*Asks:* 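Got a structure for you, questions after.
What you are looking at is a predicted structure, and each value in this text was computed from that prediction instead of being measured.
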Amino acid sequence: MQRQVLSLYRGFLRAARSKPTEDRRQIESIVSAEFRQNSKQVDRKNFLYIEYLLRRGKKQLDQLKSPDTIGLSSCNVSSSKKNAET
């Protein structure tokens, strides 16, 4: 699962390279902040939530890869799900 997370992160950085410079910096900043925040807040044993985040991230990545997409936004998910025991 750790490989999937790293692969997703690299995918976002690769996709950001295809965007204009200003948008690229914003995308890289958002992606970095989201991954850093989730690494600190999500329990590593909460596999269901991590899988959810991976699915959500893959959808966002697919959208970002679209030539019509120029940016990325972040959204916060309730913290009660992040710490739930599975």
*Asks:* Quick one: are Phe35 and Leu8 in side-chain contact, heavy atoms under 4.5 Å?
*Replies:* yes
*Asks:* Does the side chain of Ser29 come within less than 4.5 Å of Arg25's, by heavy atoms?
*Replies:*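 No. Closest side-chain heavy atoms not under 4.5 Å.
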*Asks:* Quick check against the 3.5 Å criterion: does Ser7 have a side-chain atom that pairs as donor or acceptor with the backbone of Gln4?
*Replies:*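 No; zero donor-acceptor contacts below 3.5 Å.
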*Asks:* Where is the tightest heavy-atom contact between Ala16 and Arg24, given as atom of each residue plus distance?
*Replies:*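 Closest pair (atom of Ala16, atom of Arg24, distance): O-CG, 3.3 Å.
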*Asks:* Where is the tightest heavy-atom contact between Ile50 and Val42, given as atom of each residue plus distance?
*Replies:* CG1-CG1, 3.8 Å
*Asks:* What's the shortest heavy-atom distance between Gly11 and Leu61, and which atoms?
*Replies:*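 Heavy-atom minimum between the residues: O-CD1, 3.5 Å.
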*Asks:* Could you grab the distance from atom OG of Ser39 to atom CZ of Arg44, nearest 0.5 Å is fine?
*Replies:*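 If I round to the nearest 0.5 Å, the distance is 6.5 Å.
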*Asks:* Can you tell me how far CG of Leu53 sits from CG of Asn46, rounded to the nearest 0.5 angstrom?
*Replies:* 9.0 Å
*Asks:* Measure the CD1-OG distance between Ile27 and Ser18 for me, rounded to the nearest 0.5 Å.
*Replies:*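 Going from the CD1 atom of Ile27 to the OG atom of Ser18 covers 7.5 Å.
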*Asks:* Are Glu28 and Phe12 close enough that some pair of their side-chain heavy atoms sits under 4.5 Å apart?
*Replies:*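 The answer is no; the side chains never approach within 4.5 Å.
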*Asks:* Give a yes or no answer on whether the side chain of Lys19 reaches the backbone of Leu64 with a donor-acceptor pair at less than 3.5 Å.
*Replies:*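 Side chain of Lys19 to backbone of Leu64, a donor-acceptor pair under 3.5 Å: yes, one is there.
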*Asks:* What distance separates Gln63 CD from Lys59 NZ, expressed to the nearest 0.5 Å?
*Replies:* 9.0 Å
*Asks:* Roughly how far apart are Glu51 CD and Arg56 CZ, rounded to 0.5 Å?
*Replies:*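 Interatomic distance, Glu51 CD to Arg56 CZ, rounded to 0.5 Å: 15.0 Å.
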*Asks:* Please answer: with hydrophobic residues joined when any side-chain heavy atoms are less than 4.5 Å apart, are Leu6 and Leu13 in the same cluster?
*Replies:* no
